[in-house]
Amino acid sequence: MKLVVGNQKSYLEKEKTLKFAEELNKVTYSNVIICPSYIYFNMFNNENILLGSQNVSSYTSGATTGELSCEQLKSMGVSLSLVGHSERREKLHESIEDTNIKIKRLLENNMVPILCVGETKEEKDNNKTEEIVLDEIKGAFLNVDNELISKIIIAYEPIWSIGTGVIPTIEDINNIAITIKNYLIKNYNTNNILLYGGSVNKNNIDELNTISNIDGYLIGGASTKIDEFIEIIEKCQ
Ligand code: PGA
């Protein structure tokens with residue numbers, strides 16, 4: 001079984017989310033995490049499905065206008081959160097230090113961080129994938145207890161693959177997965193859950209499922225269409 005995490009970004013407005021949630025609320029699969037926009041959390045009420053956030057505040061509850069703290073999210077039944085997504089790094093200038101703080105906030109609240117790492121096209125073409133990915137993991141894990149590090153889920157998401165319909169070769173995904181897993185064992189003695197993200201859809205899921213070193217997927221666009229999302233979930237049983 002592979003884990004399926006849906007990252008709905010800011011794609012859907014109210015009516016479409018209501019329809020999506022109505023269908024997802026009926027399924028009985030236990031390998032699913034959905035990360036809708038914050039404002040829609042209460043539309044999702046399926047006990048089998050975990051609720052994740054797309055982001056968290058690096059501050060604890062208090063005087064931080066417009067932010068959502070881990071404590072607030074936890075009180076709404078949210079148990080995980082994405083951190084360090086490339087869209088936040090690029091468009092909102094989040095640094096690896098911000099990601100590190102958010103990971104600590106989440107872990108303090110017994111919540112699970114899903115750390116996103118991955119290279120740009122230019123970095124890939126310059127054979128920098130491994131260096132970039134391992135550096136991001138190292139920076140994000142700085143001064144986090146090894147015991148807690150094991151709880152973090154890592155999503156390898158090549159930036160050039162997000163939303164483009166293009167995915168790396170199966171061999172490339174497998175190689176970076178092995179590199180990441182070996183690095184984690186060697187440096188932290190942990191065996192973290194590792195996801196692949198970037199243009200996962202119903203047409204490439206069978207091929208991706210052949211990669212035994214990948215434990216699941218972080219899915220953007222295809223997690224906004226209920227039929228396709230359910231088809232992918234079924235194929236990951
Ligand atoms: P995508 O997005 O599936 O639309 O490529 C993945 C992500 O950004 O997490």
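The figures here come from the full heavy-atom set of this structure, side chains too, leaving out hydrogens, waters and symmetry mates. Each ligand, and each atom within it, is numbered from 1 in the order the structure gives. The structure presented is a predicted model; accordingly, all values stated were derived computationally and were not measured.
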| query | Which residue supplies the protein heavy atom nearest to atom 4 (O) of ligand 1, what is that atom called, and how far is it? | reply | Gly221 N, 2.8 Å

| Should His85 be counted as touching ligand 1, given the test is an N or O pair under 3.5 Å? | yes

| field | Asp98/Arg88 salt bridge by N-O under 4.0 Å criterion | value | no

| message | Just by distance, no angles: are the side chains of Tyr29 and Glu234 close enough, under 3.5 Å, to form a donor-acceptor pair? | response | yes

| Basic-acidic side-chain contact under 4.0 Å: Glu94, Lys102 | yes

| message | Check for me whether Gly197 has a heavy atom closer than 4.0 Å to any atom of ligand 1. | response | no

| said: Please determine whether any non-hydrogen atom of Ala222 lies less than 4.0 Å from an atom of ligand 1. | reply: no

| field | More than 12 heavy atoms from other groups under 6.0 Å of NZ on Lys151 | value | no

| task | Kindly confirm or rule out an N or O of Leu218 lying under 3.5 angstrom from an N or O of ligand 1. | result | no

| Quick check: does Lys9 get an N/O under 3.5 Å from an N/O on ligand 1? | yes

| SB check Glu136 Arg89 (cutoff 4.0 Å) | yes

| request: Of the side chain and backbone of Ile162, name the one, both, or neither that has a heavy atom under 4.0 Å from an atom of ligand 1. | output: both

| request: Determine whether the side chains of Tyr217 and Asn209 contain a donor N or O and an acceptor N or O closer than 3.5 Å. | output: yes

| task | Look at atom 7 (C) of ligand 1 and say which protein heavy atom is nearest, naming residue and atom and giving the distance to 0.1 Å. | result | Glu157 OE2, 3.1 Å

| field | Test: Lys104 and Asp145 ion pair at under 4.0 Å | value | no

| N or O contact, Ile219 vs ligand 1, cut-off under 3.5 Å | no

